[in-house]
Each structure stands twice: as C-alpha cells, then as structure tokens.
Amino acid sequence: MKYIESQTLPSLGHAEVRIIAHTPEAARAVAEALRGCFAGAEQRSYPGLDGDTRLHLTVDTTTPVGPARSWLAASRPPAGTGAHSDET
C-alpha cells in the first residue's frame with residue numbers, strides 16, 4: 001500500500017521522520033535510537049489503518065548528539081577541498 005502525505009516542509013535543518021511498525025514498542029525503539037543521534041521534539045503516535053502503529057517525530061539535523069556526531073563529521077569533506085581534476 002502506497003501512502004502519500006502532502007504537507008509543508010519542516011524548517012531548514014530539521015527532518016520529519018515517519019515510523020510505521022507492527023507494534024508500538026517497535027516504533028518507540030526506532031524513535032529512541034534516532035533521539036540518541038539527533039536532538040528532537042516529542043513524538044506523536046497514531047493508530048495505523050491496518051492495526052499498525054505510526055509514529056511521527058521531528059529531528060534537528062544541525063544538532064547531532066551521540067553516535068551521529070562522529071558519523072556526520074566523518075562523512076563531510078574537509079572545508080576547502082573538492083574533487084581533483086582526475087575525478088569525475
């Protein structure tokens with residue numbers, strides 16, 4: 001089942017995360033892992049159409065905490081560097 005939601009984009013530096021799981025516990029576990037990586041607002045939980053759980057939360061991608069900080073820092077190229085002439 002394809003689910004398309006139309007709404008306005010979150011503010012710059014934030015991401016809206018939608019979690020769909022069979023149980024509320026599974027959805028909360030994923031949300032907790034995300035909150036361990038990014039600062040975020042309170043989660044909002046909704047019953048799904050097929051008895052599943054839908055959990056929505058907003059995370060601040062400009063304020064990483066925990067493991068995400070090192071992953072984000074390592075994935076960004078150092079300032080002032082770019083592709084070399086022999087790279088495509």
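Computed from a prediction, not measured in an experiment: that's the story for all the values here. Reckoned from all heavy atoms, side chains included, excluding hydrogens, waters and symmetry mates. Numbers for residues simply follow the sequence, beginning at 1.
Here D52 pairs with R54 under the salt bridge (Lys or Arg N to Asp or Glu O under 4.0 Å) rule; sequence neighbours left out.
A donor-acceptor pair under 3.5 Å links the side-chain atoms of T61 to the main chain of G13, judged by distance alone.
We find the CG-OH distance between L55 and Y46 to be 9.0 Å, quoted to the nearest 0.5 Å.
Between L57 and R44, the shortest heavy-atom contact is CA-NH1, 3.8 Å.
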Quiz: residues 26-37 side-chain donor-acceptor pairs under 3.5 angstrom, not counting sequence neighbours:
unit_1	atom_1	unit_2	atom_2	d
E32	OE1	R35	NH2	3.0
R35	NH1	Q43	OE1	2.7
R35	NH2	Q43	OE1	3.3

